[in-house]
Amino acid sequence: MNSNFTIPTPGNEAALNYLPGSFERAALKAELKKQSEQQIVIPLIIDGKEVFTENRIPVVMPHNYRHLLATCCLAGKTELDAAKEAAIEAKSAWESLAWEHRAAIFQQAACLISGKYRFQLNAATMLNQSKTAYQAEIDAPCEIADFLRYNLFFADQIYRQQPLSVGETWNRMVYRPLEGFVLAVSPFNFTAIAGNLATAPAIMGNTVVWKPASTALLSNYYLMRCLMEAGLPAGVINFVPSKSTDISKYVIRDPRLAGFHFTGSTQVFRQVWREIGENIENYHAYPRLVGETGGKDYLVAHASCDIPALVSALVRGAFEFQGQKCSALSRAFLPQSIWPQVKQLLLAATAKLQYGDPADFTHLLAAVIDEQAFKKNVSYIEAAKASPEAEVLCGGYDGSKGWFIAPTIIQAYQKDYVSMREEIFGPILTVYIYEDEKLDEILAYCDTSTPYALTGAIFARDRAVIAQMEKQLMHSAGNFYINDKPTGAVVGQQPFGGARASGTNDKAGSALNLYRWTSVCSIKENFAPTAQIDYPYMAEK
């Protein structure tokens with residue numbers, strides 16, 4: 001057929017509010033009850049088929065860790081080898097499928113996610129990842145649907161980019177998928193990130209081996225089921241929960257590894273990069289490495305700022321989803337002149353926050369993801385209590401039933417205090433109070449005091465100060481916010497990613513990420529080839 005199809009212009013999926021008495025609130029409550037009362041077995045999905053293994057792990061609620069939601073099968077060498085072979089076997093047919101049909105599958109998946117399976121994905125994210133209704137809503141249906149729809153739109157724009165042709169030549173660009181398979185390793189904290197890591201390479205014609213996080217298996221499994229129902233061919237994405245050590249031994253070192261799509265810790269990404277580097281001569285092509293990793297996200301306020309708005313940004317930025325967003329606010333530099341007022345409002349607002357089971361919609365926070373995260377957060381709280389360099393202004397913890405860390409604020413009396421420098425990944429905000437006239441010094445310190453550069457925010461109403469702060473902090477964050485909290489990037493509006501030790505800054509939610517999953521071939525066709533060998537300059541006279 002001789003047609004150039006156009007991908008529909010996307011819009012961001014609207015979040016439901018779950019107000020009392022609303023249909024969506026009742027539907028979500030019913031789904032929460034249903035999933036809480038059942039225990040399922042989560043299989044591997046390899047070459048479009050469910051695969052059950054004897055090696056299994058429990059899938060629990062972080063806010064009630066004795067409550068079993070499911071057991072999940074784990075892949076070993078045999079299953080990982082099968083997943084790689086399935087991806088390679090599916091590759092030719094998948095990359096050859098007409099673009100409009102490949103795109104239609106993901107358009108269908110977006111509709112299923114935002115419609116038929118909206119509450120199922122929401123409930124699974126709430127129960128297994130301990131997200132509140134709103135945090136799950138903006139993640140599980142909304143952001144996944146946005147990633148799919150916008151990535152299709154961006155891919156269509158990429159495919160339309162063609163070089164200049166002059167005279168008797170026709171120049172073309174062919175956007176090929178990478179040779180081999182892509183490994184996607186996803187984190188627990190966003191169901192949407194998991195979906196994007198697996199689907200972005202697939203949209204560009206690649207086939208994928210997907211290792212989901214062991215603490216987000218329920219929502220990720222349901223997401224995989226949505227993709228299959230949308231018509232994703234067998235083997236294009238292979239769902240293989242597994243041990244990280246097995247992924248390292250049996251997948252990362254495979255010569256056919258074409259790309260690594262990752263969100264997680266800086267340490268893990270560096271280890272994978274090192275391992276690939278050590279084995280570089282074994283690969284058929286240089287693997288593409290795309291990673292979004294750690295952060296020590298900041299807020300710097302100026303005395304001219306809107307104080308109530310600042311307090312709101314501090315509370316929401318630091319404590320929503322228990323501070324487990326890659327972008328969550330972790331350290332704040334506040335001017336001495338406004339600190340008494342800010343402190344009063346901040347402590348009062350924090351004292352009102354309720355936390356607990358996310359099925360109770362009055363809670364702003366729930367539990368951190370697991371025991372390891374709980375112990376890490378507790379260690380920083382206890383260290384601050386014992387240190388003369390810091391003071392715990394509010395907060396605490398309770399691990400008797402769930403992994404609960406109360407919203408905690410630490411005041412550091414030294415700007416290089418440990419919780420001002422190290423990534424914690426929990427609902428702990430450390431504030432340092434600086435002398436107003438030392439703003440330049442604080443900006444320089446904020447820029448250089450950690451290895452990260454993910455998100456950052458400034459608060460001021462003085463435009464000259466805003467310009468100064470923006471200039472001095474330009475390289476300190478991949479996503480920079482002016483008079484807003486440093487969280488909540490929206491697909492298509494604020495492409496997300498950081499540099500330095502925060503990742504490769506390939507900007508999920510934009511065309512920049514999709515370019516990494518294509519290998520371009522330039523084609524020149526000459527319509528008037530010459531038989532001449534000599535050039536005019538070769539004549540003697």
Side-chain angles (χ1 to χ4, degrees), residues 10-15 110 113-114 125 129 131-132 134-154 186-197 199-200 261-264 266 290-300 309 312-331 423 425 452-459 470 473-516:
N12 293 112
E13 179 69 26
I113 287 163
S114 59
T125 301
Q129 292 146 267
K131 285 200 171 188
T132 61
Y134 179 72
Q135 292 299 313
E137 170 71 12
I138 60 176
D139 171 17
C142 293
E143 191 169 20
I144 300 173
D146 285 354
F147 271 130
L148 293 174
R149 291 168 179 148
Y150 275 93
N151 280 346
L152 292 172
F153 181 73
F154 296 140
S186 58
F188 76 86
N189 58 340
F190 279 88
T191 307
I193 293 177
N196 185 57
L197 293 184
T199 60
H261 204 190
F262 176 78
T263 295
T266 299
V290 176
E292 192 263 290
T293 59
K296 189 63 180 175
D297 308 306
Y298 65 82
L299 185 152
V300 182
S312 174
L314 292 170
V315 173
R316 285 186 168 185
F319 300 140
E320 286 184 323
F321 187 42
Q322 301 81 259
Q324 295 176 122
K325 300 182 181 184
C326 308
S327 56
L329 176 62
S330 185
R331 56 186 176 134
E423 183 181 36
F425 223 60
Y452 304 108
L454 189 51
T455 73
I458 59 172
F459 266 76
E470 181 180 350
L473 295 172
M474 178 51 60
H475 293 284
S476 67
N479 284 62
F480 188 75
Y481 296 81
I482 300 172
N483 292 321
D484 201 358
K485 60 185 175 64
T487 64
V490 178
V491 175
Q493 297 186 40
Q494 298 98 28
F496 189 80
R500 297 180 182 169
S502 291
T504 55
N505 203 17
D506 288 297
K507 295 300 184 194
S510 78
L512 295 172
N513 182 274
L514 299 182
Y515 279 115
R516 299 302 307 277

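Sequential numbering from 1 along the given sequence is applied to the chain's residues.
- Distance check, rounded to the nearest 0.5 Å: OG1 of Thr455 to CD of Gln494 gives 12.0 Å.
- Atom OG of residue Ser476 and atom CG of residue Leu454 lie 10.5 Å apart, to the nearest 0.5 angstrom.
- Among residue pairs with one or both ends in residues 482-502, those qualifying as salt bridge (Lys or Arg N to Asp or Glu O under 4.0 Å) are Asp447-Arg500; sequence neighbours excluded.
- With sequence neighbours excluded, the residues satisfying side-chain contact (heavy atoms from CB on, under 4.5 Å) with Thr293 are Phe262, Thr266, Phe269.
- Contacts of Glu137 classified as salt bridge (charged side-chain N to carboxylate O under 4.0 Å, His left out), with partners at least two apart in sequence or in another chain: Arg118.
- Annotation: side chain of Met474 is not in contact with side chain of Phe480 (no heavy-atom distance under 4.5 Å).
- Among residues two or more places apart in sequence or in another chain, the side-chain contact (heavy atoms from CB on, under 4.5 Å) test is passed with Ala192 by Asp139, Glu143, Ile144, Phe147.
- Of all the heavy atoms in Phe459 and Asn483, the pair that sits closest is CA-OD1, 3.3 Å.
- Looking at residues two or more places apart in sequence or on another chain, you find no side-chain hydrogen bond (donor to acceptor under 3.5 Å, both in side chains) involving Thr132.
- The number of heavy-atom neighbours closer than 6.0 Å to CZ of Phe153, taken from other residues, nucleotides and ligands shown, is above 12.
- Inter-residue side-chain proximity for Leu512 and Phe154 is flagged as unmet; no heavy-atom pair is nearer than 4.5 Å.
- With Glu423 contributing its side chain and Gly295 its backbone, the two residues share a donor-acceptor pair below 3.5 Å.
- The ring-ring contact (aromatic ring centres under 6.0 Å, His included) test applied to Phe188 returns no partner, not counting sequence neighbours.
- Taking the side-chain hydrogen bond (donor to acceptor under 3.5 Å, both in side chains) definition, one finds that Tyr452 meets it with nothing, sequence neighbours left out.
- Looking at residues two or more places apart in sequence or on another chain, you find no salt bridge (charged side-chain N to carboxylate O under 4.0 Å, His left out) involving Asp146.
- Side-chain contact between Glu470 and Ile482 is present, with at least one heavy-atom pair separated by less than 4.5 Å.
- Remark: Arg149 engages Glu13, Ser114 in a side-chain hydrogen bond (donor to acceptor under 3.5 Å, both in side chains) (not counting sequence neighbours).
- Here the side chains of Leu148 and Ile113 are in contact, with some heavy-atom distance below 4.5 Å.
- Residues Ala14 and Cys142 share a closest heavy-atom pair of O-SG, 3.8 Å.
- Partners of Ser327 by side-chain hydrogen bond (donor to acceptor under 3.5 Å, both in side chains), not counting sequence neighbours: none found.
- The side-chain contact (heavy atoms from CB on, under 4.5 Å) check on Ala318 picks up Leu329, Leu429, with sequence neighbours excluded.
- Across every non-hydrogen atom of Ala453 and Ser502, the tightest pair is N-OG, 2.9 Å.
- Nearest heavy atom pair, residue Asn196 against residue Ala508, reads ND2-CB, 3.8 Å.
- Here the CD1 atom belonging to Ile458 is positioned 13.5 Å from the OH atom belonging to Tyr481, to the nearest 0.5 angstrom.
- Although no hydrogens or angles enter the test, the distance criterion places a donor-acceptor pair under 3.5 Å between the side chain of Lys131 and the main chain of Asn189.
- Under a 3.5 Å cut-off, the side chain of Asn151 and the backbone N or O of Ala200 do not form any donor-acceptor pair.
- Sequence neighbours left out, the pairs with a member in residues 504-515 that pass salt bridge (Lys or Arg N to Asp or Glu O under 4.0 Å) are Asp506-Arg516.
- Ser330 contributes atom OG, which lies 10.5 Å from atom CZ of Phe425 (distance to the nearest 0.5 angstrom).
- One side chain, Gln129 or Thr191, offers a donor N or O that lies under 3.5 Å from an acceptor on the other.
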Next on the checklist: The test is side chain to side chain contact (heavy atoms under 4.5 Å, CB included); show your working for Phe321 and Thr487 and say whether it passes.
Outcome noted: CA-CA 11 Å; Phe321 187 42; Thr487 64; over 6 Å; no
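- Of all heavy-atom pairs between Phe496 and Ala489, the closest is CD1-CB, 3.7 Å.
- Once rounded to the nearest 0.5 Å, the distance linking NZ of Lys296 with CZ of Arg331 reads 7.5 Å.
- Thr263 OG1 to Phe190 CZ: the interatomic distance, rounded to the nearest 0.5 Å, is 10.5 Å.
- Remark: the backbone N or O of Leu197 is paired with a side-chain donor or acceptor of His261 at under 3.5 angstrom.
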